[in-house]
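Written below as structure tokens is the structure these notes are about.
So that the names make sense, note that chain A is the first sequence line, chain B the second, and so on, each numbered from 1.
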Amino acid sequence: MIVRFGYVAMSVNVANASPSKTMTATSFCQIGDRDAALRKLGRIAEENLHNTLRLLRHNQAYDIHVFRFSSRLIPLVTHQVTEGWEPFSFLADHFREVGDYVRLHGMRTSLHPDHFTVMTTPRAEVLRISIADLEHQAHMLTAMGLDERAKCNIHIGGTYGDKPAALARFRERFPELKPEVRHRLTLENDDKTYTARETLDFAEEIGVPMVLDIHHHQINPGLDGPPEELWTRIRHTWERNEVDMLSRDPHMQASQPGELLPPKVHSSSPRNEQNRRAHADYVEPEPLFSFLRAIAAETPRLDVMIEAKQKDGALFALMKDLSDLPEVRRIDGATIEIKG
DNA sequence: ACCTGTCAAGTCTGG
DNA sequence: CCAGACTTGACAGGT
């Protein structure tokens, strides 16, 4: 099994390269001239996209092929105060430049809107904002010129004391989403609400890939055992999505399952005993490695997203730890092979 | 240069 | 029914 590792949004090794610079709505409104305020937001967005490109160059230099973009590249764009603002035309070249670099180097990229995007909500206004945000996220990937392999990952959402009713709302809303959103959507198991099995059942039902978060499963396993017990089904959600993508896009080609878009899992470690849900600075090799060993034989390729405070620093530290193991062969700076 | 409280957003819990 | 926790990076306003 070939495993590539990636990290989220910002680097501890590239100085002054935040891709998430922003402005508060309060200070936006304090600027009397609205056009001037929008121009300022636009400049921040340009800077965020420029820093994203710098991060991608860093990634390329260190063989990191998997990366999640900041979901806040354009500050306040989905906020009420910028109603009517359309920044994509003047940012077109910047988005394109980022996407061109990704495609040139065959990187895998994604987006992860934060927890305010909730497709299960009973509140109409929250749903409206959630859908608008999903459309915005998909729009960013499209503006980069990236195909459906660039996914948009979310959690199922809240339960509101009635999981079946909440899932029913998501189920009936899903077909109403724009195809460009639907075809990029992936679902991740949650650390408080929907377990890996519940997320998997639902992902299979609506036909989207499932991102397994090993840390979330540790904290919120429900009645289930180790994550590898669900793996065959999880892997199939990705293979089914590959078939769907191939049927929609004549430019895509794959000779075997997992070649177009390998399954992706998230890996992080608890911050401490008191705060087991928060992310630690670094990632412990276990339990990640026992999971990888368990699925190696049936999985040709896998991508692992490292979620840690030390970002790419944690990725490099983990690569070093894993390289010392006898079953592991290091292929490049951020890729290993595990004998299956 | 550095420190601290605050920030657009939702949901859940406990009082 | 309402206040506070949750969690995160960065702003904003102070020294």
>> When the P atoms of B:dT11 and C:dA10 are compared, how many Å lie between them, rounded to an integer?
In response: 26 Å
> Which part of the nucleic acid does A:Thr26 contact within heavy-atom distance under 4.0 Å: base, sugar-phosphate only, or nothing?
Replying inline: sugar-phosphate
> Expressed in angstrom and rounded to an integer, what is the separation of A:Lys309 atom NZ from C:dT7 atom P?
Replying inline: 9 Å
> What is the pairing partner of B:dG10, taking Watson-Crick or G-U wobble pairs with both distances under 3.5 Å in any strand?
Replying inline: C:dC6
> By centroid distance (under 5.5 Å) and plane angle (under 30°), are A:Phe116 and B:dG10 in a stacked arrangement?
Replying inline: no
>> Classify A:Thr121 by what it touches in the nucleic acid, base, sugar-phosphate, or nothing, heavy-atom distance under 4.0 Å.
In response: sugar-phosphate
> Over how many whole Å does the gap from A:Lys40 atom NZ to C:dA12 atom P extend?
Replying inline: 7 Å
> Between A:Tyr62 and A:His58, how do the two ring planes meet: parallel, tilted or perpendicular, split at 30° and 60°?
Replying inline: tilted
> So does A:Arg149 pair up with A:Asp147, basic N to acidic O under 4.0 Å?
Replying inline: yes
> Between B:dA9 atom C1' and A:Phe28 atom CZ, what is the distance in whole Å?
Replying inline: 16 Å
> Touch check for A:Lys21, heavy atoms < 4.0 angstrom, all strands: base, sugar-phosphate only, or nothing?
Replying inline: sugar-phosphate
> Can you check the A:Lys192 NZ to B:dT13 C1' distance for me, whole Å?
Replying inline: 9 Å
> Whole-Å distance between B:dA9 C1' and A:Gln137 CD?
Replying inline: 13 Å
> For A:Tyr194 and B:dT11, what is the distance between atoms OH and P respectively, to the nearest whole Å?
Replying inline: 11 Å
> What distance, rounded to whole Å, do you find between the two P atoms, one in C:dT7 and one in B:dC3?
Replying inline: 24 Å
>> Any carboxylate oxygen within less than 4.0 angstrom of a Lys/Arg side-chain nitrogen, looking at A:Lys264 and A:Asp303?
In response: no
>> So A:Arg72, base contact, sugar-phosphate only, or nothing? Heavy-atom distance under 4.0 Å.
In response: base
> Across the strands shown, which category fits A:Asp190 at heavy-atom distances under 4.0 angstrom: base, sugar-phosphate, nothing?
Replying inline: nothing
